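Chain naming here is simple, since letters A, B, ... match the order of the sequence lines and numbering starts at 1 in each. Bear in mind that the values here come from a model prediction, so they are computed numbers and not experimental data.
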There are 2 protein chains.
Amino acid sequence: MSEPAPPAAPSSSGDVGARIRADIIAGVHAPGTKLREVALAEQYEVSRIPIREALRSLEAEGLVESRKYSGSIVAPSPVEDAEDLFEIRIVLESATAKRAAKRAAELNASDTPDAKWRELRKEISEILDAGDIVIGQERFEDLAVLNMRFHFAVAELSGSLSFISLLRQISGKIEWLYSLNVTRRGPQAWPEHREIIAAIDAGQEAKAAEVMARHVRRSRDSYFAMMSDTDRPRTT
Amino acid sequence: MSEPAPPAAPSSSGDVGARIRADIIAGVHAPGTKLREVALAEQYEVSRIPIREALRSLEAEGLVESRKYSGSIVAPSPVEDAEDLFEIRIVLESATAKRAAKRAAELNASDTPDAKWRELRKEISEILDAGDIVIGQERFEDLAVLNMRFHFAVAELSGSLSFISLLRQISGKIEWLYSLNVTRRGPQAWPEHREIIAAIDAGQEAKAAEVMARHVRRSRDSYFAMMSDTDRPRTT
DNA sequence: GTTTAGAGTTTTGTATACAACCACTGAGAA
DNA sequence: TTCTCAGTGGTTGTATACAAAACTCTAAAC
């Protein structure tokens with residue numbers, strides 16, 4: 001709660017928004033906390049202007065809530081809308097997986113090689129390999145980042161900017177949620193990603209959608225199982 | 001392109017963002033146009049600060065695109081991602097309709113009256129009635145607003161803030177798109193809304209989802225039919 | 001003729017200063 | 001005691017001013 005996270009790189013005030021976001025996810029700024037602009041400006045060593053712009057972005061992401069002349073507060077923990085967030089992921093990501101499979105089928109049919117597709121596909125392979133290594137070394141915090149990158153890469157395979165932008169919209173809360181359960185769910189879930197990619201590669205739209213939906217559903221179940229195990233960590 | 005829309009109320013610079021959004025939708029700022037902050041500040045008679053904040057919001061909504069030190073430009077016409085937007089509506093709004101039906105079933109089972117539900121339900125009835133009147137008078141521009149209000153009210157019936165926030169996210173583009181087709185599609189589509197509400201009231205989850213999906217699918221088909229009729233109005 | 005280096009202009013990003021507004025405290029009256 | 005209301009402190013919203021980066025146009029060299 002005290003320090004504003006690892007100052008890490010001097011970062012020159014580069015993207016204060018990213019740092020505040022990370023601090024919210026890490027719990028440095030607890031849900032319900034009032035985010036006073038001058039205080040933040042001092043903590044992050046910039047003026048109020050960048051702080052304000054960052055708060056607007058975070059508001060759009062649903063990580064903070066603002067009212068005119070009343071300031072901003074950290075949004076309630078995503079635990080509150082976990083059910084909703086998982087359902088949203090199920091419908092949106094099923095759709096992206098289905099689309100990606102459709103595009104794969106089209107590319108397989110026509111023999112015109114798509115540079116962007118191949119590049120993305122290569123990146124996904126690298127992400128999957130990196131995930132295997134990370135699991136072997138039990139560095140689960142890195143797995144969280146890789147997981148996000150995988151799901152976004154699939155979304156990009158779909159080629160739909162609207163879907164991507166919408167997923168990015170809730171990515172903050174998803175990451176927030178995921179970070180609570182990665183140790184338990186991560187290693188078990190990772191191999192499922194290869195199933196998803198296999199269905200997409202094969203151009204099987206329905207299967208890709210179904211596998212992705214099942215994948216997210218399992219994440220959801222694992223999450224709620226964890227929540228009932230541990231003492232519910234502040235639902236407020 | 002010249003005047004920045006009806007100055008309407010003095011509005012005190014109240015919500016410049018809303019005015020800029022309206023102007024983008026109305027075509028005052030054409031897609032691809034560079035939005036220079038000083039120019040906007042003069043047009044809307046405020047300083048650059050509110051302009052910048054408005055641009056951030058519009059960026060989050062996908063109506064403008066920004067790059068650091070490179071400024072903002074009006075996003076490409078939603079015509080580009082019409083297919084995506086309709087698909088997103090199908091999956092998201094089916095989900096909200098399903099949820100609303102589920103809540104209705106629960107409320108019917110337990111006899112505890114939910115004040116918020118009743119209020120929303122009443123508002124929907126009023127919206128539907130108002131729509132009938134507006135259609136009778138052929139004031140279709142008002143229908144666009146009512147249509148948006150109806151779909152948001154259904155989303156609110158679902159009780160899921162995450163879904164609502166996500167729909168609000170793309171509401172700008174949806175409205176932009178809808179405004180191109182309201183005269184043709186509006187009157188025909190309106191009665192379908194009562195079907196949707198009937199399914200929700202009856203607590204029939206699957207049917208509510210299916211009817212909503214069909215409703216949006218018809219909107220999509222009507223839209224594309226219109227697009228192939230008229231000379232495609234600038235796909236760039 | 002084409003390309004490249006560079007200075008000048010333009011535009012965005014940031015800091016400081018001031019105005020508008022809200023929330024809270026305290027006193028006074030019912 | 002409790003309710004009302006005015007004053008005051010503090011926080012956000014906005015305007016002005018300055019710094020940093022990008023774009024552009026010119027001119028010279030290959």
As a test of reading the structure: which of [options] is closest to the side chain of [X], going by heavy atoms?
X	options	value
B:E37	C:dA15, C:dT12, D:dA15	C:dT12
A:K68	D:dG13, D:dA15, C:dA15	D:dG13
B:S47	D:dA15, D:dA17, C:dA15	D:dA15
B:S70	C:dT16, D:dC23, C:dG13	D:dC23
B:Y69	C:dC21, D:dT14, D:dA20	D:dA20

Practice task
Report, as yes or no, whether the 6.0 Å neighbourhood of atom NZ on B:K98 holds more than 12 heavy atoms from other residues, nucleotides or ligands.
Solution key: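 No.
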Exercise for the section: Determine whether more than 12 heavy atoms belonging to other residues, nucleotides or ligands lie under 6.0 Å from atom CD of B:E119. Expected result: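 Atom CD in B:E119 is not packed in, count stays at 12 or less.
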Problem - Nearest heavy atoms of A:S160 and A:R99, plus distance in Å - result: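 The answer is CB-NH1, 4.1 Å.
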Exercise for the section: Using five base pairs at each end, measure the axis-to-axis angle across the helix from C:dG1-D:dC30 to C:dA30-D:dT1 and round it to 10 degrees. Expected result: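 Its terminal axes enclose an angle near 20°.
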Problem - Presence of salt bridge, B:E61 and B:R21, under 4.0 angstrom - result: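 Answer for the salt bridge query: yes.
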Problem - SB check A:E123 A:R149 (cutoff 4.0 Å) - result: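 Between A:R149 and A:E123 there is a salt bridge, with a charged N closer than 4.0 Å to a carboxylate O.
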Exercise for the section: Using salt bridge (Lys or Arg N to Asp or Glu O under 4.0 Å) as the criterion, point out the one residue from B:E53, B:E42, B:E37 that pairs with B:R48. Expected result: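 Of the listed options, the one satisfying the test is B:E37.
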Can you tell me the distance, in whole Å, between the [atom1] atom of [X] and the [atom2] atom of [N]?
X	N	atom1	atom2	answer
B:R36	C:dT9	CZ	C1'	13 Å
A:E45	C:dG13	CD	C1'	18 Å
B:R48	C:dT16	CZ	C1'	15 Å
B:D15	D:dG13	CG	C1'	14 Å

Exercise for the section: Check the pair B:R168 / B:F152 against side-chain contact (heavy atoms from CB on, under 4.5 Å), numbers first and verdict last. Expected result: CA-CA 8 Å; B:R168 194 177 307 280; B:F152 267 106; 4.0 Å; yes
Practice task
Return no unless some side-chain N or O of A:R67 is found under 4.0 Å from OP1 or OP2 of D:dG13.
Solution key: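 No.
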Problem - Gap between atom CD1 of B:I88 and atom CZ of B:F86 - 0.5 Å precision - result: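 One finds 11.5 Å between CZ of B:F86 and CD1 of B:I88.
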Handout entry: Rounded distance [0.5 Å steps], CD in A:E126 versus CG in A:L146
Key =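 Going from the CD atom of A:E126 to the CG atom of A:L146 covers 11.5 Å.
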Practice task
Could you pick out which residue, A:I49 or A:K34, lies toward the 5' side of DNA chain D when each is mapped onto its nearest nucleotide?
Solution key: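 Whichever sits nearer the 5' end wins; that is A:K34.
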Handout entry: Any residue of residues 51-63 of chain B with a heavy atom less than 4.0 Å from an atom of DNA chain C
Key =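 Only B:R52, B:R56 qualify.
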